[in-house]
> 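This is the structure, below, for whatever I ask next.
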Amino acid sequence: MKIWVDADACPVVIKEILFKAAERTRLELILVANRSMRIPHSSYISFIRVGAGFDVADSEIVNQMEKGDLVITSDIPLAALVVEKDGLALNPRGELYSAEDIRSRLSTRDFMESLRESGVETGGPPPLNANDRQRFSNQLDRLLTRYGRKG
């Protein structure tokens, strides 16, 4: 299992949790973004910078990931592609996307997007809080224990 991160939108605190997990489990962690970012020096952590553009990082992740890989993203269309390729998709709030719920999540996302396009102010998600970070950390540990390997 490799861990892929849709890194442009991933909160710093979640990246820090992932850095520690990669070191602890000795699993490869790959951050993908269209802007440079600092990562710790580690033989388990790498960074791929992609060109600017809509969904360029998403395409890079989907093209390189393999069945059973874990992708960290809050992007529901990317999560749907990951699930379709038999990967695991986890958002920064600790919610695991599944084949059973991804279609309804996509429908809700598309509905909210159409509201925004018609001028309705829908607001964004609330800021990440301590409970979200703990839920993410717990879910990540469960996934790595079940599908990854512990160091």
Side-chain angles (χ1 to χ4, degrees), residues 1-35 37-48 50 55 57-62 64-116 120-151:
M1 169 191 272
K2 291 180 184 175
I3 305 169
W4 297 87
V5 183
D6 183 7
D8 283 317
C10 187
V12 171
V13 68
I14 298 303
K15 289 178 199 162
E16 290 170 0
I17 292 168
L18 291 164
F19 295 151
K20 291 175 186 171
E23 288 297 319
R24 184 182 76 245
T25 61
R26 299 179 180 157
L27 288 172
E28 189 174 352
L29 173 69
I30 306 108
L31 292 91
V32 181
N34 61 24
R35 60 182 165 76
M37 61 184 59
R38 297 178 68 180
I39 61 169
H41 178 72
S42 168
S43 55
Y44 305 109
I45 303 169
S46 61
F47 174 74
I48 298 173
V50 296
D55 291 339
D58 298 0
S59 295
E60 182 74 17
I61 291 170
V62 170
Q64 290 205 37
M65 66 153 291
E66 297 176 2
K67 178 181 178 176
D69 283 355
L70 172 62
V71 176
I72 310 302
T73 185
S74 55
D75 184 306
I76 295 171
L78 172 56
L81 294 170
V82 169
V83 169
E84 189 176 294
K85 280 188 75 171
D86 291 325
L88 301 166
L90 178 66
N91 76 22
R93 295 181 187 277
E95 299 169 338
L96 185 64
Y97 299 100
S98 70
E100 293 77 32
D101 72 2
I102 198 68
R103 291 198 198 303
S104 66
R105 288 179 183 244
L106 275 170
S107 294
T108 301
R109 177 211 171 262
D110 292 345
F111 174 70
M112 296 302 283
E113 189 171 299
S114 68
L115 286 177
R116 285 188 293 275
V120 175
E121 182 63 42
T122 60
L128 210 61
N129 62 38
N131 289 336
D132 295 324
R133 290 189 297 272
Q134 188 63 52
R135 192 175 320 109
F136 176 83
S137 185
N138 291 343
Q139 183 68 276
L140 179 66
D141 276 347
R142 281 191 291 276
L143 291 171
L144 296 181
T145 299
R146 184 170 181 188
Y147 299 104
R149 64 181 188 273
K150 286 283 187 181

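What you see below is based on every heavy atom in this structure, not just the backbone, and it leaves out hydrogens, waters and symmetry mates.
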> Please find the pair of heavy atoms, one from Ile14 and one from Pro92, that lie closest to each other, and give the distance.
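For Ile14 and Pro92, the tightest heavy-atom pair comes out as CD1-O, 3.5 Å.
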> Can we say Arg24 and Asp141 salt-bridge, meaning some charged N sits less than 4.0 Å from an Asp/Glu carboxylate O?
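Yes, charged N to carboxylate O under 4.0 Å.
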> Side chain to side chain contact (heavy atoms under 4.5 Å, CB included) with Gln134: which residues, sequence neighbours excluded?
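So Gln134 forms a side chain to side chain contact (heavy atoms under 4.5 Å, CB included) with Asn138.
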> Between Val32 and Gln64, is any pair of side-chain heavy atoms under 4.5 Å apart?
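No, their side chains stay 4.5 Å or more apart.
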> For residues Tyr97 and Ala79, report the shortest heavy-atom separation together with the two atoms involved.
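Nearest pair, atom of Tyr97 first, then Ala79: CD1-CB, 3.4 Å.
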> Could you pull out the closest heavy-atom pair between Val83 and Ala89, with the gap in Å?
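In terms of heavy atoms, the two residues are closest at CG2-CB, 4.4 Å.
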> Check the pair Tyr147, Leu88 against side-chain contact (heavy atoms from CB on, under 4.5 Å), reporting the backbone distance first and the verdict last.
CA-CA 10 Å; Tyr147 299 104; Leu88 301 166; 3.6 Å; yes
> Is the backbone N or O of Asp58 less than 3.5 Å from a side-chain atom of Asp55, with the two atoms forming a donor-acceptor pair by type?
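No, the answer is negative, given that no donor and acceptor are paired below the 3.5 Å cut-off.
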> Measure the spacing between OG of Ser46 and CD of Glu28 and express it to the nearest 0.5 Å.
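Ser46 atom OG to Glu28 atom CD measures 5.0 Å (nearest 0.5 Å).
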> Who passes salt bridge (charged side-chain N to carboxylate O under 4.0 Å, His left out) against Arg133, sequence neighbours left out?
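Partners of Arg133 under the salt bridge (charged side-chain N to carboxylate O under 4.0 Å, His left out) test: none.
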> Using salt bridge (charged side-chain N to carboxylate O under 4.0 Å, His left out) as the criterion, list what pairs up with Glu95, not counting sequence neighbours.
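Only Arg105 meet the salt bridge (charged side-chain N to carboxylate O under 4.0 Å, His left out) criterion with Glu95.
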> Drop me the distance from Lys20's NZ to Ile17's CD1, to the nearest 0.5 angstrom.
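That separation rounds to 7.5 Å.
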> Roughly how far apart are Leu90 CG and Thr73 OG1, rounded to 0.5 Å?
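Here the rounded value is 10.0 Å.
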> Taking salt bridge (Lys or Arg N to Asp or Glu O under 4.0 Å) as the cut-off, I'd like each qualifying pair that reaches into residues 77-91, sequence neighbours left out, listed once.
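Pairs touching residues 77-91 that pass the test: none.
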> What do the steps show when you test Leu27 against Lys2 for side-chain contact (heavy atoms from CB on, under 4.5 Å), and what is the final call?
CA-CA 6 Å; Leu27 288 172; Lys2 291 180 184 175; over 6 Å; no
> As a test of understanding, state which of Ile3, Ile48, Ile45 forms a side chain to side chain contact (heavy atoms under 4.5 Å, CB included) with Leu31.
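One option only clears the test, and that one is Ile45.
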> Between Ile30 and Val5, does the side-chain contact (heavy atoms from CB on, under 4.5 Å) criterion hold? Intermediate values first, please.
CA-CA 6 Å; Ile30 306 108; Val5 183; over 6 Å; no
> Atom OG in Ser137, atom CZ in Arg142: separation rounded to 0.5 Å?
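Rounded to the nearest 0.5 Å, the OG-CZ separation comes to 9.5 Å.
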> Where do Phe136 and Asn91 land on the side-chain contact (heavy atoms from CB on, under 4.5 Å) test, with the steps shown first?
CA-CA 8 Å; Phe136 176 83; Asn91 76 22; 6.0 Å; no
> What's the spacing between Leu70 CG and Trp4 CH2 if we round to 0.5 Å?
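If we round to the nearest 0.5 Å, Leu70:CG and Trp4:CH2 are 12.0 Å apart.
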> Listed by chain and number, what are the salt bridge (charged side-chain N to carboxylate O under 4.0 Å, His left out) partners of Arg135, not counting sequence neighbours?
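For Arg135, the residues satisfying salt bridge (charged side-chain N to carboxylate O under 4.0 Å, His left out) (neighbours in sequence not counted) are Asp132.
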> Quick one: pull up CG in Leu29 and CD1 in Ile39 and give me the separation to the nearest 0.5 Å.
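It comes to 8.0 Å.
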> Scan for salt bridge (Lys or Arg N to Asp or Glu O under 4.0 Å) pairs involving residues 4-18, sequence neighbours excluded, and state none if there are none.
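Pairs touching residues 4-18 that pass the test: Asp8-Arg35.
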> Search all heavy atoms of Thr25 against all heavy atoms of Ala21 and return the closest pair with its distance.
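Reported closest heavy-atom pair: OG1-O, 2.7 Å.
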> If you look at every heavy atom in Arg93 and Pro127, which pair is closest and at what distance?
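Shortest heavy-atom contact: NH1-O, 3.8 Å.
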> Closest heavy-atom contact between Ala33 and Phe47?
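Nearest heavy atoms, Ala33 then Phe47: CB-CE1, 3.8 Å.
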